[in-house]
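Each chain gets a letter, A, B and so on, in the order the sequences are listed, and its residues count up from 1. From a predicted model like this one, the values you see are computed outputs, not experimental measurements.
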Number of protein chains: 2
Amino acid sequence: MSKQAVALTLTDLNADTPCCPPIAQRRIPAESAAVLAPAFKALGDPVRLQLMSMIASAPDGEICVCDLTPAFELSGPTISHHLKTLRDAGLVDSDRRGTWVYYRARPTIMRQLAALLTVEAT
Amino acid sequence: MSKQAVALTLTDLNADTPCCPPIAQRRIPAESAAVLAPAFKALGDPVRLQLMSMIASAPDGEICVCDLTPAFELSGPTISHHLKTLRDAGLVDSDRRGTWVYYRARPTIMRQLAALLTVEAT
DNA sequence: ACGCTGATTTGAGATCTGTCAACCTAGAGA
DNA sequence: TCTCTAGGTTGACAGATCTCAAATCAGCGT
């Protein structure tokens, strides 16, 4: 497939239609793996997984960094770095309002990842 | 290899009942994040994601290392190392039969991870 | 303008990871 | 036993990652 790899990141992961069939259904191509692996990698750290959960489960659909940081025994810069990682992976969006910055999850991409791991019933 | 650490991981992730609600539903506790993050981390490498897909989508439910290695332009030891990572994460099982070693996916754990990323319909 | 607070960026150090060459182990078969 | 092949283990190295302190940036007050 001679698809444009760059567009894949923004287009396919954001699309409503799955980017690929479940990995248990057909072997994933190298190009897709290169696009998808970073998202899993971003979730592959305990702190980021918790951050992602706090963001995705926020009652108002968003949560302030000022509410995230004190939940960990880590410095502000470290939390900021992890949030940037989640942002770069396309898992969250950030939005500054005045002094505060709010993060919200990108449900489409989460669904893409969930769909990838789907397994047929045994 | 430490059988203990693996056994711990498998205990939680191997159950038929979800280990935790979706991360978008409730904030994941630190302990659960510590158990689950390594699984995502293992999928967070393009080579391992492809390996996992080849294993999970194998027609007979299993695939020989001798069929995995030539699919990549990487040395045998490197593939072996990645397979060990997947094994340690509890994502696959290996089984030696004669000269050859076969790998098979652990669907329960894949389902756990998929369930974790589930998002309510908007 | 000034200072204050919240958040990100930069720089640095310790640790972890991906990779390969070299070596070792397990099993099949003569 | 000896040899051959399939995989795994060890050791080493370059590059990535996690973390913090220090510096910087962005807004809101007075």
What would the secondary structure line of DNA chain C be in dot-bracket form, counting Watson-Crick and G-U wobble pairs under 3.5 Å, with [ ] for pairs that cross earlier ones and | for pairs with another strand? ||||||||||||||||||||||||||||||
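- Atom NZ in A:Lys84 sits roughly 23 Å away from atom P in C:dG6 (whole-Å rounding).
- Geometrically, B:Arg97 engages B:Tyr102 in a cation-pi contact defined by less than 6.0 Å to the ring centre and at most 45° from the axis.
- Note on B:Tyr103: only backbone sugar-phosphate atoms sit closer than 4.0 angstrom, heavy atoms only; bases stay farther off.
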List the steps and the verdict of side-chain contact (heavy atoms from CB on, under 4.5 Å) for B:Thr85 and B:His81. CA-CA 6 Å; B:Thr85 302; B:His81 163 254; 4.0 Å; yes
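- For the pair B:Leu49 CG and C:dG18 C1', the interatomic distance rounds to 16 Å; values are reported in whole Å.
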As a quick check of understanding, evaluate side-chain contact (heavy atoms from CB on, under 4.5 Å) for B:Gln25 and A:Ser57, giving each step before the final call. CA-CA 5 Å; B:Gln25 204 169 95; A:Ser57 69; 5.9 Å; no
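- The side-chain heavy atoms of B:Ile23 and B:Leu117, taken from C-beta on, include a pair separated by under 4.5 Å.
- Distance, B:Ile63 CD1 to D:dG7 C1': 15 Å, rounded to whole Å.
- Side-chain contact between B:Tyr103 and B:Asp67 is absent, with no heavy atoms from C-beta onward closer than 4.5 Å.
- Rounded to an integer number of Å, the gap from B:Ile79 CD1 to D:dG7 C1' is 12 Å.
- Across all strands shown, A:Gly98 has heavy atoms under 4.0 Å from sugar-phosphate atoms exclusively, and none from any base.
- In this structure the side chain of B:Val47 never reaches within 4.5 angstrom of the side chain of B:Thr78, judged on heavy atoms.
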Take B:Leu91 and B:Leu43 through the side-chain contact (heavy atoms from CB on, under 4.5 Å) test and state the conclusion after the steps. CA-CA 9 Å; B:Leu91 289 164; B:Leu43 296 175; 3.8 Å; yes
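- The phosphate of C:dT8 has OP1 or OP2 within less than 4.0 Å of a side-chain N or O from A:Ser80.
- For A:Leu83, whose side chain is taken as the heavy atoms from C-beta onward, the closest listed nucleotide among C:dA7, D:dG7, C:dT8 is C:dT8.
- Among the heavy atoms of the strands lying under 4.0 Å from A:Leu74 are primed sugar atoms or P, OP1, OP2 only; no base atom is included.
- Atom CG in A:Asp88 sits roughly 13 Å away from atom C1' in C:dT9 (whole-Å rounding).
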Would A:Phe40 and B:Met52 count as a side-chain contact (heavy atoms from CB on, under 4.5 Å) here? Give the steps. CA-CA 13 Å; A:Phe40 285 118; B:Met52 189 67 207; over 6 Å; no
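- With DNA chain D read from its 5' end, the first of the two nearest nucleotides for B:Thr99 and A:Thr99 is the one closest to B:Thr99.
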Protein-nucleotides 12-18 of chain D N/O pairs under 3.5 Å:
unit_1: D:dT17; atom_1: OP1; unit_2: A:Lys41; atom_2: NZ; d: 2.6
unit_1: D:dC18; atom_1: OP1; unit_2: A:Arg48; atom_2: NH1; d: 3.4
unit_1: D:dC18; atom_1: OP1; unit_2: A:Arg48; atom_2: NH2; d: 3.1
unit_1: D:dC18; atom_1: OP2; unit_2: A:Arg48; atom_2: NH1; d: 3.4

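- Distance alone, capped at 3.5 Å, is enough to place a donor-acceptor pair between the B:Ser53 side chain and the A:Arg26 backbone.
- In this structure, B:Phe72 places its CZ atom 12 Å from P of C:dC20, rounding to the nearest Å.
- Considering only side-chain N and O atoms, A:Ser75 lies under 4.0 angstrom from the phosphate OP1 or OP2 of D:dC20.
- A salt bridge links A:Arg106 to A:Asp93: one of the charged nitrogens lies within less than 4.0 Å of a carboxylate oxygen.
- If A:Pro77 and A:Arg96 are placed on DNA chain D by their nearest nucleotide, the residue sitting closer to the 5' end is A:Pro77.
- Between the P atom of C:dT8 and the CG atom of A:Asp95 lies a distance of 12 Å, rounded to the nearest Å.
- Rounded to whole Å, the distance from CZ on A:Arg97 to P on D:dG27 is 13 Å.
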